[in-house]
Amino acid sequence: MTDGTDFARRTHYVPAIRIAHESLLSDLPTPKISDLARSRGPEGASDYLAGLNTEQRLAVETTEGPVLVLAGAGTGKTKVLTTRLAHILKLGKARPWELLVVTFTNKAAREMRERITHLIGPSAEGLRWLGTFHSVAAQILRRHAELVGLKSSFTILDTDDQERLLKQLLEAANIDTKRWTPKSLANLIDHWKNRGWTPEKLPTTEDFANGKGQTLYAAYQARLATLNACDFGDLLLHNLTILSKHADIAQEYRDRFRYILVDEYQDTNVAQYLWLRLLTSSTGNVCCVGDDDQSIYGWRGAEVDNILRFEKDFPGAKIVKLERNYRSTNHILGAASGLIASNRDRLGKTLWTEDMTGDKVRVRGVWDGEAESRLIADEIETARRQGQKYKDMAVLVRASFQMRAFEERFVMLAIPYTVIGGPRFFERAEIRDAHAYLRLIQSEDDDLAFERIVNVPKRGIGDTSVQKILQIARHDGVSAMAAVRDLITSDELQARTRTALSTFVRDLDRWRALATDTRHWDLTETILEESGYTDMQKADRVTGQTRLDNLKELVQAMQSFETLQAYLEHVSLVMDLDKGAGDDAVQIMTLHGAKGLEFPLVFLPGWEEGVFPSQRSIDEKGEKGLEEERRLAYVGVTRAKSDARISFAANRQVYGRWTSQLPSRFVDELPIAHVEAESDTGYYGASGGMKEAKSRWDDAPSFGSGYSSPGWKRAQSFTAAQTPRSAQARHAVIEGDGRLVATADPKAGANWKCGERVFHQKFGYGNVQSIEGNKLLVDFEKAGEKRVIDSFVEKAG
DNA sequence: TACTTACGGCTTTTT
DNA sequence: GCCGTAAGTA
C-alpha cells in the first residue's frame with residue numbers, strides 16, 4: 001500500500017482558483033439541473049447564492065483546487081456544502097454521479113441528501129456516491145471484492161460477531177480471555193485498521209497478549225476471508241489495498257470523481273485520509289469542511305491533525321474561515337467560546353453573532369439524579385406553557401445510561417419524547433437471531449449465523465455437538481452447514497442429535513426454497529413462526545412481549561427495502577432504524593448524536609466530574625482525552641439557539657450504588673459574564689425536611705451556596721489538585737443502607753514505591769510499575785496494566 | 001442436555 | 001442493579 005506522502009509527491013495539484021462569477025453569467029444550463037432553474041423563477045440561477053455572506057460565498061464559488069472550509073458551530077456549514085454542490089452542478093462542471101460526497105455519520109449523510117434534494121430537486125437521486133465513508137467504501141469494495149480474496153456478496157460483521165470470532169481465536173491460542181478480552185482485541189484491531197495497518201504492516205511496537213498481536217490479527221483476517229466477511233475497518237482497509245495495488249482501478253475512480261466533498265473533516269482517521277488521497281485526482285478538486293473544535297471521535301481514530309495539516313497535504317489549498325454564527329445568542333456563544341478557550345490544541349477561531357438578545361446560560365446544582373430529571377421536566381413543561389414546542393427542546397447527555405432517568409420522568413408526566421441513539425435496535429438479541437436465520441438462508445457459509453441459531457430455540461443440539469460440528473467443518477475446510485449435511489448421514493453423533501439436525505436442515509432448505517417467491521418480510525414471519533422462535537418468546541413472561549414487539553417492528557422495517565440483500569446491507573452499515581423525528585416530542589440523545597443539530601432550548605444534565613468529563617476518557621487518554629471531552633461540552637452548548645441549561649447533581653447512583661459527585665470542571669470554566677447560576681435553596685440551604693439527605697450532603701465538600709461562592713471554587717480546586725479530601729469525596733461509596741463501605745486511602749499522596757503491592761476498588765490487587773506524579777502505572781493481577789490516580793488505591797500489606 | 005447459581009463487567013461516544 | 005456468561009448440578 002502506498003502511503004499518503006508518496007502519493008502527494010507523485011501528484012500535481014493545480015492551484016488554479018477560479019472565482020466563478022463569469023462562469024455564473026455565462027450560464028451553462030445542463031438538463032440535469034433544469035428543475036433548479038425552474039423552481040427558482042426567472043431571476044433563478046444565482047438565487048441560491050444570494051443568501052450567503054462573503055465568506056460562505058467564497059467557499060461555494062471556489063470550486064477548483066483544494067479548499068478547506070473551517071466552519072465554526074452554527075456558521076452555515078451544511079448550507080455551504082449543499083450550495084456548493086448545487087453550484088457545481090448548475091455550472092455544468094459535473095454530473096451528480098461524478099461527485100463524491102462523504103460524511104461521517106449516517107445522519108449527516110441523510111440530512112445532506114435531503115437538503116440537496118430541496119435545493120436541486122429530484123436530480124439529487126443521481127448522487128450515487130453520497131454517503132458515509134463506510135457505505136461508499138462498501139460500494140467500491142463490492143465491485144472489486146475478488147481482488148482482496150472476497151466474493152462481492154461478502155457480509156459485514158458487527159462487533160458482536162467480531163468478538164465471538166476473536167474469542168474462538170484466543171481460545172484456540174490458549175490465551176486467557178479474562179486477562180486478554182476479545183473486546184479489547186477487537187478494539188485494538190479496529191484501531192490498527194483505522195491507522196491503515198494490515199497485519200503485514202503492523203509496526204512492531206503494537207502488540208497484544210505478549211507478542212501474539214500480529215499473529216492473532218493475521219489469523220483473524222484469514223478467518224474473515226474464509227467466512228467471506230469483513231468488519232467495519234476492513235471496508236476502508238481493503239479499499240486502500242485495492243486502490244494502491246491496482247493503479248488502473250484507482251485512476252478509474254479518480255477520473256470519475258471530478259469533485260470531492262468531505263464533511264466533518266476533523267473526524268477523519270488515517271485510513272480515511274489515505275483513502276481520500278488515493279481518490280483525489282490531479283486537479284485536486286477536494287473540498288473539506290470541518291471544525292477542529294468539534295473533533296469528538298478521537299476514540300475512533302480521528303486525527304485532528306488531518307485538519308491542522310491540510311495546507312501541507314494539499315499544496316495550494318485555499319482556506320476559508322466561517323466565523324459568523326447564525327444560530328445562537330451572544331451569551332451562548334460567549335459561554336461556549338470561554339469553555340473551549342481552555343483547550344490548547346486548536347487552530348483558533350473567533351465566533352461572533354449579531355444576536356444580543358436572550359438569557360445567560362443557566363447552571364443549576366441539584367441534590368441527585370432524580371431531582372435533576374424533575375427539574376428539567378418542570379422546565380420543559382414551563383417552556384411548553386409559554387408556547388415552545390416539545391420538538392424544539394433537547395436533552396443532551398454524555399452517555400446513554402443517563403437517558404433512563406429522563407425517560408421515566410417524562411413517562412410519568414406524559415411528556416412526549418423520542419430517544420435518538422441509545423441501545424441499538426439492530427443489536428438486540430432477538431433481532432440478531434432473526435438476522436442469523438436470514439443470513440443462513442442467504443448463504444450456507446455463514447458459520448457465525450449457524451452457531452448463533454442452531455440451537456435457538458432449543459432443538460436438543462447441545463454445545464458439545466456444536467463444537468464437534470465446527471471442529472469437523474474446520475478440519476475439512478468446509479462450512480458448518482456442509483459438515484452437518486455430512487454428519488446426519490453418518491454415525492458420529494447420537495441418533496437424537498442427528499434427528500434434530502436433519503429437521504433443522506430440512507427447515508432451512510424449505511425456507512430457502514420459499515425465499516424465491518415470497519416477499520422477504522413474509523418469509524421472516526414464516527421462519528420465526530415455524531422455527532418455534534415466536535413460541536419461545538411467548539413462553540418468556542418477562543421480556544417475551546417486548547421482544548415480539550421488536551420483531552414486529554423488524555418485519556415492518558423490512559418492507560421498505562426491495563430485496564432481502566438490500567435490507568441486510570442497510571442493516572450492517574446503518575445499525576439503526578431511521579426514526580422519523582416528525583412528532584412533537586422532546587429529543588433525548590447523546591452529545592455525539594447531537595452534532596450538527598440545533599434546538600432553541602437545550603438541557604445539558606450530568607455535568608459532574610467522572611460523568612462529564614468521563615472518568616474513563618481521562619484515565620485512558622489523559623490531557624488529550626480531557627480536551628476531547630471539552631470539545632464535546634462545546635458541541636453541547638453550541639447546539640442551543642436561545643437557551644442552554646446546564647445542571648449537575650451532588651449524588652448519583654452509579655452501578656446501583658450511591659456516589660457523591662463534584663460539579664464538572666467545565667462548570668467553572670464557563671465565563672461568569674455569560675452564566676447565571678442558581679442554587680436550589682430547598683436542597684442547599686439549612687431548611688427543608690431532608691435530614692438524611694443533608695447529612696450525606698455534608699460528607700461532600702461544601703460548594704452549595706452559589707456559583708461564585710468560595711465553597712464551589714474550593715470544591716473545584718480540590719478536584720484539580722487531587723487532594724486527599726476530594727479523592728475521598730469522589731470515591732466514598734455509600735451502600736443503600738447508608739453505610740460507608742470504601743473510601744480512598746486518606747494518606748493518599750504518600751510515597752509509593754515501584755513493585756509495591758496495592759489494592760484498587762475496581763481492579764483488585766496489583767503491583768506498582770511506575771510513578772508519574774500522582775499517577776501510577778499498576779499491573780493488576782486480574783485487570784492487566786492500568787494507569788490510575790494514586791488516591792484510588794490503597795497499600796496492600 | 002438443561003437448569004440453577006455465582007460472578008464479573010458494565011456505562012462512553014459510532015460506522 | 002442488571003445482564004450475560006461460566007461453572008456446577010440433576
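Order of the sequence lines fixes the chain letters, A, B, ..., with proteins taken first and strands second; residue numbering starts at 1 for each chain.
- Counting only distance, with no hydrogens or angles, the side chain of A:Ser295 and the backbone of A:Asp292 share no donor-acceptor pair below 3.5 Å.
- Residue A:Ser614 places no side-chain N or O under 4.0 Å from the OP1 or OP2 atom of B:dT13.
- When distances are taken from the side chain of A:Thr159 to each of B:dT1, B:dT15, C:dG1, the shortest belongs to B:dT15.
- Residue A:His134 has its side chain nearest to B:dT15 when only B:dA2, B:dT13, B:dT15 are considered.
- Residue A:Lys468 contributes atom NZ, which lies 11 Å from atom P of B:dT1 at whole-angstrom precision.
- When distances run from any side-chain atom of A:Thr497 to the nucleotides B:dT1, B:dC10, B:dC3, the shortest one goes to B:dT1.
- Contact annotation: A:Ser400 side-chain N/O to B:dT13 OP1/OP2 distance is under 4.0 Å.
- Atom CD1 of A:Ile296 is separated from atom P of B:dT13 by 12 Å (rounded to the nearest Å).
- A:Tyr217 and A:Trp192 have tilted rings, their planes meeting at an angle from 30° to 60° on a 0 to 90° scale.
- Rounded to whole Å, the distance from CD on A:Glu620 to P on B:dT13 is 13 Å.
- We find that CZ of A:Arg300 is positioned 10 Å from C1' of B:dT13, with the value rounded to whole Å.
- Judged by closest nucleotide on DNA chain B, A:Phe401 is the one of A:Phe401 and A:Ser135 placed further toward the 5' end.
- Residue A:Phe232 has its side chain nearest to B:dT15 when only B:dT11, B:dT15, B:dT1 are considered.
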- Item | Test log, rule side-chain contact (heavy atoms from CB on, under 4.5 Å), inputs A:Tyr533 and A:Leu551 | CA-CA 11 Å; A:Tyr533 198 90; A:Leu551 288 168; 3.9 Å; yes

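- Residues forming a ring pair (Phe, Tyr, Trp, His ring centres under 6.0 Å) with A:Phe154 (at least two apart in sequence, or on another chain): none.
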Please produce a list of atom pairs where a protein N or O lies less than 3.5 Å from an N or O of nucleotides 8-10 of chain C.
none

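- One finds no side-chain N or O of A:Asn106 lying less than 4.0 angstrom from the OP1 or OP2 phosphate oxygen of B:dT14.
- With rounding to whole Å, A:Gln615 atom CD is found 16 Å from B:dT13 atom C1'.
- Regarding A:Asn187, its CG atom lies at a distance of 10 Å from the P atom of B:dC10, rounded to whole Å.
- Taking the six-membered ring for Trp and thresholds of 30 and 60 degrees, A:Phe133 and A:Phe104 have ring planes more than 60 degrees apart, a perpendicular arrangement.
- Using a 4.0 Å cut-off between charged side-chain N and carboxylate O, A:Glu623 and A:Arg630 make no salt bridge.
- When the C1' atom of B:dT15 is taken as reference, atom CG of A:Asp161 falls 15 Å away, rounded to whole Å.
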- Would A:Arg404 and A:Glu408 satisfy salt bridge (charged side-chain N to carboxylate O under 4.0 Å, His left out), going step by step from the backbone distance to the final call? CA-CA 6 Å; A:Arg404 211 178 59 199; A:Glu408 281 169 7; 3.7 Å; yes

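- Put simply, CD on A:Gln272 is 16 Å from P on B:dT14, counting in whole angstrom units.
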Measure all distances between protein nitrogen or oxygen atoms and nitrogen or oxygen atoms of nucleotides 2-6 of chain C, and list the pairs falling under 3.5 Å.
residue	atom	partner	partner atom	Å
C:dA6	OP1	A:Lys167	NZ	2.5

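- An aromatic stacking contact links A:Trp299 with the base of B:dT13, defined here by ring centres under 5.5 Å apart and ring planes under 30° from parallel.
- Contact annotation for A:Phe133: no contact, since no heavy-atom pair falls under 4.0 Å across all strands.
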- Message: If you apply the rule side chain to side chain donor-acceptor pair (under 3.5 Å), what do you find for A:Gln272 with A:Asp267, and how did you get there?
- Response: CA-CA 9 Å; A:Gln272 289 162 335; A:Asp267 286 331; over 6 Å; no

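- Between A:Asp161 and A:Arg452 there is no salt bridge, since none of the side-chain N atoms of the basic residue sits less than 4.0 Å from a carboxylate O of the acidic one.
- The residue A:Leu235 sits apart from the nucleic acid: no heavy atom pair falls under 4.0 Å.
- Looking at A:Arg164 and A:Glu451, no side-chain N of the basic residue comes within less than 4.0 Å of a carboxylate O on the acidic one, giving no salt bridge.
- Across all strands shown, A:Gln494 has no heavy atoms under 4.0 Å from either base or sugar-phosphate atoms.
- Other residues, nucleotides and ligands place more than 12 heavy atoms under 6.0 Å from the CD atom of A:Glu407.
- Toward the 5' end of DNA chain B, the nearer of the two residues A:Arg459 and A:Glu628, judged by each one's closest nucleotide, is A:Arg459.
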